[in-house]
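We name chains A, B, ... by the order of the sequence lines, and we start the count at 1 in each one. This is a predicted model, so every value here is computed, not measured.
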Amino acid sequence: MKILLKDIAHGRSGDKGDAANIGLIAYDDKSFEIISKYVTTERVKKHFEGICKGDVERYELPNIRALNFLLHNTLGGGGTVSLKHDAQGKTLAAALLRMELNTEE
Amino acid sequence: MREKIRIASGQGFWGDLIDAPYQQVTAGNIDYLVMDYLAEVTMSILQKQKNKNSNLGYAKDIPPLMHRILPVCKEKNIKVITNGGGVSPLACAEAVMEIARDLNLEDLKIAVVSGDNILTRLDEIFDSGCDLNNMETGEPLQPLKDKVLSANVYFGAKPIVDALAAGADIVITGRTTDTGLTLAPMIHEFGWSMEDNDLTSAGTVAGHILECGGQASGGNLLANWEDVDNLAEIGFPIVEASPDGTFVVTKHEKLGGKVSYETVAEQLVYEIGNPKDYITPDCIADFTSIQLEDEGNNRVKVHGITGFEKTEFYKVSCSFEDGYSAVGSLTYSWPDALKKAKAADKILRKRMENLGLRFDEINTEYVGYNSCHGPLSKQIPEDDLNEVMLRIAVRGQNYKDIDRFGKELAPLILTGPPSVTGFAGGRPRPSDVVAYWPALIPKKLVEPELKILEL
């Protein structure tokens with residue numbers, strides 16, 4: 001079954017230096033099982049190809065049905081150094097929600 | 001000991017809704033108003049202002065705001081805690097005292113927390129063996145010393161607790177953590193030990209929820225954002241804290257916005273790294289211990305929080321000069337909007353190359369096409385675009401080159417692709433690039449200073 005991440009999760013993103021953080025929160029327990037299984041570090045790294053130029057770290061917060069991703073080397077230097085329109089990565093949580101999951105994989 | 005205290009967020013950053021603190025003190029009952037004004041970039045701006053005039057260097061919004069809220073705060077016994085003192089907390093406090101005199105108030109105690117500003121102490125700190133190595137790159141700060149614009153230690157809740165114990169009605173600090181502003185009144189009112197890691201972590205999590213203002217009460221909410229009621233009159237978040245470390249996140253009933261599981265959860269994950277390792281000067285909070293219970297009616301209970309012992313270090317944030325940047329834009333319309341914008345970019349780059357201008361970086365983006373999500377953006381047939389904004393930014397060490405870029409943009413209107421507009425703002429001007437240098441300093445090398453002003 002194909003699932004658009006936007007339909008089962010929400011989240012918020014921001015900056016930590018040149019890294020962006022994306023907190024991904026599932027709407028319910030079943031959805032948390034799905035994102036835990038399918039939204040892997042590798043999958044996120046591939047999703048943000050061309051945007052994230054460093055490593056991706058993934059942390060779990062099962063208590064609030066959330067995953068936290070750190071995307072290193074992503075914001076063009078970060079802070080006031082960055083020339084990017086979205087220098088603080090504010091729209092990257094929405095960009096992650098574009099991911100399509102194939103749960104029959 | 002009080003059974004409950006209500007701590008209200010009044011500002012999420014310097015530049016936030018000006019009326020929010022007034023709403024917080026008038027639209028219902030609270031005991032404390034906490035206001036965070038300091039982003040990293042703010043400290044360098046304030047330091048520059050102070051270099052020009054030693055009476056400046058604090059958030060200038062504070063005196064007029066105090067003029068408005070002080071009479072209410074005195075009448076309702078609401079204490080105000082803010083880090084808006086910036087690099088001149090004493091000057092800020094004196095300006096507020098002046099306001100209090102104008103208002104004919106009696107009995108006002110303002111506490112000033114300073115000692116965080118180590119700009120003039122760098123040599124002494126290097127001599128004591130602390131190199132202030134960059135936390136990310138490991139490089140020592142010394143070679144950059146002459147370029148340093150500001151250098152501040154992040155203090156935690158402790159000096160604010162001392163200020164409240166001394167009977168302060170208002171606490172104005174320099175660089176203290178956003179979370180410390182909220183944790184401090186809990187320690188003060190409930191008599192918590194600074195060494196109780198679970199309780200200090202609970203107060204720290206409450207501070208994290210409040211520190212971005214309306215972002216915890218319906219603002220910037222990705223989950224069903226259209227369902228948030230009356231954002232025009234958004235009520236900023238309030239924490240109703242209990243002595244056992246549990247608290248409820250809520251807002252004033254008659255204001256707009258929303259407090260729900262989703263609004264709190266989104267704020268919890270905002271700008272965090274490893275959730276088990278949320279480091280502050282007061283404790284290390286474990287965000288995987290946080291339990292949320294949506295009680296309905298804009299009330300979310302937060303409990304179960306645990307944490308670990310604080311470290312031996314304070315974080316230091318230094319800023320230094322790193323060249324100049326400028327950004328400009330032009331808007332192209334259908335037909336061939338994107339093609340025209342791309343052609344204009346090419347022409348501009350060629351002209352700058354012919355002029356021999358040197359930049360560390362040139363970045364071009366097409367707003368309305370893919371500037372937010374880059375390669376993830378949905379592929380739209382280029383001819384369907386009604387318009388696109390060419391946004392071009394440059395950065396470099398040479399002021400003249402950055403300035404010349406600003407002079408090369410507007411000529412594209414008469415000497416580039418057609419159907420172009422959007423150049424009303426004048427030439428892009430060079431602005432200083434301020435880069436950051438995060439470092440650690442042993443706590444024993446810096447001591448917060450507390451001063452009380454009385455009316």
Residue among A:Ile64, A:Ile25, A:Asn63 satisfying side chain to side chain contact (heavy atoms under 4.5 Å, CB included) with B:Leu268: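 With B:Leu268 as partner, side chain to side chain contact (heavy atoms under 4.5 Å, CB included) holds for just one option, A:Ile64.
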Spatial distance of atom [atom1] ([X]) from atom [atom2] ([Y]) [nearest 0.5 Å]:
X        : Y        : atom1 : atom2 : result
A:Lys90  : B:Tyr270 : NZ    : OH    : 2.5 Å
B:Thr288 : A:Glu60  : OG1   : CD    : 10.5 Å
A:Leu83  : B:Asp360 : CG    : CG    : 9.5 Å
A:Ser13  : B:Glu266 : OG    : CD    : 9.5 Å

With sequence neighbours excluded, residues passing ring pair (Phe, Tyr, Trp, His ring centres under 6.0 Å) with A:His10: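 Residues passing ring pair (Phe, Tyr, Trp, His ring centres under 6.0 Å) with A:His10: A:Tyr27.
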Run the ring pair (Phe, Tyr, Trp, His ring centres under 6.0 Å) test against B:Phe308 and tell me which residues pass, sequence neighbours left out.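 Scan of B:Phe308 (ring pair (Phe, Tyr, Trp, His ring centres under 6.0 Å), adjacent residues dropped) gives none.
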Portion of [X] that has a non-hydrogen atom of chain A nearer than 4.5 angstrom:
X        : value
B:Arg395 : both
B:Ser289 : backbone
B:Glu361 : both

For the NZ atom on A:Lys6, are there more than 12 heavy atoms of other groups (residues, nucleotides or ligands in this structure) within a distance under 6.0 Å?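 At most 12 heavy atoms, drawn from other residues, nucleotides or ligands, come within 6.0 Å of this atom.
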Could you tell me whether A:Arg98 atom CZ has more than 12 heavy atoms of other residues or ligands within 6.0 Å of it?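 Buried by this count: over 12 neighbours within 6.0 Å.
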Do B:Leu222 and A:Arg12 make a side-chain contact, defined as non-hydrogen atoms from C-beta onward lying under 4.5 Å apart?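 No, their side chains stay 4.5 Å or more apart.
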Who wins among B:Ala435, B:Gly273, B:Ser325, B:Pro375 for the most heavy-atom pairs under 4.5 Å with chain A?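 The residue among B:Ala435, B:Gly273, B:Ser325, B:Pro375 with the greatest pair count is B:Gly273.
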